[in-house]
Amino acid sequence: MDPITLLTVVVLAVFVGFEVVSKVTSKLHTPLMSGANAIHGIILVGAIIVAGQASDPWLLSIALLAVVLATANLVGGFVVTDRMLEMFGSRKPARPRAGKGGEGR
């Protein structure tokens, strides 16, 4: 494909992705992040395969950049998902303070 076609595909993918994600309700963000983490894992494996088979230094640098960015995206997705799931967890009861209220008499 020529560069103009590739650029057009990337721009349209960014636009469609933004529109889809912006319409998701807050209740569905955690499942969406879980699905996105799976996709980023597949992207990371693909980037590692491309980096392993690259013979041109320019292609190797682009593939290694893809590996770094996919790794950052994958780790960030898991961190965000973990923080979101903590919001739905049960709250721990507060421990009573020792030495107050006539305890130990």
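Numbers here simply count residues along the sequence, with the first being 1. The analysis underlying the following values was restricted to heavy atoms, covering all of them including side chains, and did not include hydrogens, waters or symmetry mates.
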(message) According to salt bridge (charged side-chain N to carboxylate O under 4.0 Å, His left out), does anything in residues 9-22 pair up with another residue at least two apart or in another chain? List the pairs.
(response) E19-K23
(request) Please name all residues satisfying side chain to side chain contact (heavy atoms under 4.5 Å, CB included) with I4, sequence neighbours left out, ordered by chain then number. (result) D2, T8
(message) Connecting only ILVMFWY residues whose side-chain heavy atoms lie within less than 4.5 Å of each other, what is the rest of F18's hydrophobic cluster?
(response) none
Report, one line per pair, each donor and acceptor closer than 3.5 Å where one atom sits in a side chain of residues 58-76; sequence neighbours left out.
{"from": "S61", "atom 1": "OG", "to": "P57", "atom 2": "O", "distance (Å)": "3.4"}
{"from": "S61", "atom 1": "OG", "to": "W58", "atom 2": "O", "distance (Å)": "2.7"}
{"from": "T71", "atom 1": "OG1", "to": "V67", "atom 2": "O", "distance (Å)": "2.7"}

For residues 42-50, please give each side-chain donor-acceptor pair under 3.5 Å, one per line with the distance, not counting sequence neighbours.
none

